[in-house]
Amino acid sequence: MTANSGKPVLLSGSAPSGILTIGNYIGAVRNWVQMQQDYDCIFILVDLHAITVRQDPKELLQRSYQFIAQYLACGLDPEHHILFAQSHVPGHSQLAWLLNCYTQMGQLSRMTQFKDKAQNAEKANVGLFAYPTLMAADILLYDADLVPVGEDQKQHLELTRDLAQRVNNIYNAEIFKVPEPYIPKVGARIMSLQEPTKKMSKSDKAETNYIALLDEPKRIKRKIMRAVTDSGEEIKWDPEGKPGVANLMSIHSAFSGKSFAEIERAYGGQGYGGFKGDVAELVVESLAPIQKRYHEIIDDKVYLNNVLRDGAERACVRSQPALQRFHDAIGFIPAQLHG
Ligand code: TRP
């Protein structure tokens, strides 16, 4: 159903690490749900990337299911699009190896994410170093047209484009499609509740900084009521001067659909207390249907495993041609496999 729908291929990956927050929902997942109308979408749970950092096996397993269930609860459609776990599709590891042989160590040493994550390069594992070539493999395997990327992943996408072009040049053939970044029109950036100049992050250790997609209503209310606000009493859009209030306004706007001007008007002359109460209410109400659906899905391992099997099977089929083109170009003996 998905193959050759004629629509551009949009590909996104995210690692099952940390906890999905309303920042991920507003900034990414909700947009993916929208984009399903216009694109042929491929959503990958990048569990191979997750193990560049040591993971507790039980936790990784549980979290992986939870991420898939949350994506489904948010509205990703596994029938018309492809949702799967990276570790289920061998082509990712295969292509990553091949690409490693076309990537310079100097290039990878310059990746800012590597520099940030590996304070001591001597001790860093090789997987962390080669993380970007695995990401390039994710993208190039499926002839992706577009990849939604945040600021932190732009350099990796640039490398992916670079590798695709290099391979195409070496063999003087269009082996890989060169992907383009997809920059969402208005990607609201949700900030930390306690430090509103920092992005809300799914790997933040401090619970009060974020609202998890699965937080209970009481907890959501408590976190929002305690969110940092700025001096003064005015509800006014001023991200520089009043980042705390601006962040709560962003959250309000993301869930209510109201503009900042409308929010200012609605709360003009009122203090922070009432406004925060309303934001909390709005978040609780907006997340309720997602949470309900999540709880229906998470215990249904048969359903989850079926979704993942179906996704992996289709991803395997879709990943073959690119891999084959590259093998042929390199000069490997064509594999004569049964069935
Ligand atoms: N590196 C990405 C991140 O940290 C995750 C990722 C892995 C990815 N493979 C991808 C994103 C392919 C887009 C496309 O967010």
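Numbering of ligands and ligand atoms starts at 1, following listing order.
At the top of the distance list for atom 1 (N) of ligand 1, counting protein heavy atoms only, stands Tyr131 OH, 2.8 Å.
Residue-to-ligand polar distances place Asp138 within reach of ligand 1: an N/O pair is separated by less than 3.5 Å. Checked against a 3.5 angstrom limit, the closest N/O atoms of Gln113 and ligand 1 fall outside it.
Residues Tyr131 and His156 place their aromatic rings such that the two centres sit under 6.0 Å apart.
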>> side chain to side chain donor-acceptor pair (under 3.5 Å), that's the test. Do Tyr25 and Asn31 meet it? Break it down for me.
In response: CA-CA 8 Å; Tyr25 178 67; Asn31 300 334; over 6 Å; no

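Which of Gln153, His92, His49 comes nearest to atom 2 (C) of ligand 1 through a heavy atom is settled by distance: it is Gln153. Considering each of Pro179, Pro181, Gly13, Ser17, the one bringing a non-hydrogen atom nearest atom 6 (C) of ligand 1 is Gly13.
Remark: the backbone N or O of Asn168 is not paired with any side-chain donor or acceptor of Asn172 at under 3.5 angstrom.
Close contacts between ligand 1 and Val46 involve ligand atoms 7 (C), 9 (N) [criterion: under 4.0 Å to a heavy atom]. Atoms of ligand 1 lying under 4.0 Å from at least one heavy atom of Leu11, given by number and element, are 12 (C), 14 (C). Below 4.0 Å from some heavy atom of Val147 lie the following atoms of ligand 1, by number and element: 13 (C), 14 (C).
We find that Lys292 and Glu296 are joined by a salt bridge, their nearest charged nitrogen and carboxylate oxygen being less than 4.0 Å apart.
Not counting sequence neighbours, the partners of Asp143 by the salt bridge (charged side-chain N to carboxylate O under 4.0 Å, His left out) test are Arg325.
Taking a 6.0 Å sphere around CG of Leu304, one finds it holds more than 12 heavy atoms contributed by other residues, nucleotides or ligands.
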